[in-house]
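Reviewing the structure listed below.
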2 protein chains.
Amino acid sequence: MVPQPQRVRRSSRQRDAVQESLAGTDAFVSAQDLYASMREQGNPIGLATVYRALQNMVEDDEVDVLRTDDGEAVYRRCSPSHHHHLVCRRCGRTVEVEGPDVESWASTVAAAHGFTAPDHVVEVFGTCADCTRAEAAQP
Amino acid sequence: MVPQPQRVRRSSRQRDAVQESLAGTDAFVSAQDLYASMREQGNPIGLATVYRALQNMVEDDEVDVLRTDDGEAVYRRCSPSHHHHLVCRRCGRTVEVEGPDVESWASTVAAAHGFTAPDHVVEVFGTCADCTRAEAAQP
DNA sequence: GTCATTGCAAACGCTTTGCATCTGT
DNA sequence: ACAGATGCAAAGCGTTTGCAATGAC
């Protein structure tokens with residue numbers, strides 16, 4: 001495995017703004033959402049710049065990215081170590097969780113079928129406490 | 001929960017062809033791939049029809065669908081019961097696996113954070129035996 | 001001065017939709 | 001005959017890219 005050359009990154013107002021915006025939430029947000037909210041807050045930025053900043057952060061393992069069922073990419077700042085997510089299907093709030101059991105289960109299953117270099121994606125969806133309450137009040 | 005009205009489906013040459021095409025493989029394939037391979041095999045069909053047929057099958061729980069990292073939807077015929085997938089990242093070959101441990105882990109984690117109605121997505125990726133051999137021969 | 005970054009608009013690729021036509025029942 | 005299915009082309013939508021201008025170091 002190559003240590004990957006890690007391109008030089010210059011800092012800039014826009015890049016910092018994206019990071020800050022991402023730091024301000026616990027939810028997975030799309031590039032479009034970020035773009036819109038940054039503009040609303042009087043923070044001029046180009047859509048392409050948002051995408052490029054996010055791409056860079058993904059490369060640098062500063063954010064997690066996953067695809068929604070309708071194909072949109074959503075991003076979230078994350079801790080650098082391996083982990084999984086518990087995502088509220090209503091409000092998008094996210095909790096990082098660890099699952100040592102899952103890790104071993106995944107590699108066992110892979111090995112049992114002759115698969116090597118196992119990797120896995122585990123996302124748990126649910127309705128968070130607040131939203132469960134909200135749904136009970138107004139279904 | 002509503003028993004879902006389950007729309008009427010008429011049979012047709014094209015629809016049957018899509019089903020048959022899906023039945024012939026163990027891999028997750030995209031709508032575009034299906035479209036291309038069906039045409040190659042002298043089976044005229046419209047791209048929109050492929051998409052519509054696949055949508056119907058997903059609604060009827062006849063196929064699984066998931067998104068690749070680049071946002072393409074890929075489909076695979078599946079057994080009706082709950083299960084997870086072990087997918088070869090090289091050739092797309094797929095094995096359905098069960099993971100009772102994972103099920104319980106997911107609901108435990110959800111409950112621990114006050115989340116209700118847990119659901120989860122677990123996909124294990126790896127390189128299958130054949131592809132591991134192929135990679136060793138030609139990296 | 002050099003080279004990464006930005007913004008815009010155009011290009012892309014996958015997917016969906018409108019609509020007239022065809023077809024299964 | 002009625003309602004669903006088809007094909008084509010056009011539209012949608014999120015994302016990427018070309019390119020000239022700008023800004024960091």
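This is a predicted model, so every value here is computed, not measured. Just the heavy atoms: all of them, side chains too, but no hydrogens, waters or symmetry mates, feed the values below. Just so we're on the same page: letters track the sequence lines, and every chain starts at 1.
The listed nucleotides are dG7(C), dC19(C), dT15(C); the one nearest the side chain of A73(B) is dT15(C). With distances taken from any side-chain atom of R52(B) to the nucleotides dC14(C), dC19(C), dT25(C), the minimum falls on dC19(C).
Take the nearest nucleotide of DNA chain C for Y75(B) and for V50(A): the residue whose nucleotide is more 5' is V50(A). Each of R13(B) and A31(B) has a nearest nucleotide on DNA chain C; the 5'-most of these lies closest to A31(B).
Considering only residues two or more places apart in sequence or on other chains, D64(A) meets the side chain to side chain donor-acceptor pair (under 3.5 Å) condition with H83(A), H85(A).
In this structure, L54(B) atom CG and dC14(C) atom C1' are separated by 13 Å, rounded to whole Å. Rounded to whole Å, atom P of dG13(C) lies 15 Å from atom OH of Y35(B). Separating the CD atom of E72(A) from the C1' atom of dG13(C) is a distance of 16 Å, rounded to the nearest angstrom. Q32(B) places its CD atom 7 Å from the C1' atom of dG13(C), with the value rounded to the nearest Å. With rounding to whole Å, R10(A) atom CZ is found 5 Å from dC3(C) atom C1'. Rounding to whole angstrom units, CG of residue N56(B) and P of dG24(C) are separated by 17 Å. Separating the CZ atom of R9(B) from the C1' atom of dT23(C) is a distance of 17 Å, rounded to the nearest angstrom. Here dC12(C) presents its P atom at 17 Å from CG of D70(B), a figure rounded to the nearest Å.
Remark: R9(B) engages D60(B) in a salt bridge, criterion side-chain N to carboxylate O under 4.0 Å. A salt bridge does not link R76(A) with E62(A): every distance from a Lys NZ or Arg NE/NH1/NH2 to an Asp or Glu carboxylate oxygen is 4.0 Å or more. Between R93(B) and D130(B) no salt bridge is recorded (no basic side-chain N to carboxylate O distance below 4.0 Å).
Residue R15(A) places at least one side-chain N or O closer than 4.0 Å to OP1 or OP2 of dT6(C).
In summary, contact between chain B and DNA chain D, defined as any nucleotide atom under 4.0 Å from a heavy atom of the protein, begins and ends at dA3(D) to dC8(D) in the 5' to 3' direction.
When heavy atoms are screened at a 4.0 angstrom cut-off, L47(B) is found touching base atoms of the nucleic acid. Residue S11(B) is in sugar-phosphate contact alone, with no base atom involved, counting any heavy-atom pair closer than 4.0 Å across all strands shown.
The stretch residues 19-29 of chain A participates, sequence neighbours left out, in these side-chain hydrogen bond (donor to acceptor under 3.5 Å, both in side chains) pairs: D26(A)-R77(A).
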Does T116(A) form a side chain to side chain donor-acceptor pair (under 3.5 Å) with T132(B)? I'd like the steps, not just the answer.
CA-CA 7 Å; T116(A) 61; T132(B) 299; 2.8 Å; yes

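No more than 12 heavy atoms of other residues, nucleotides or ligands shown are found within 6.0 angstrom of CG on D69(A).
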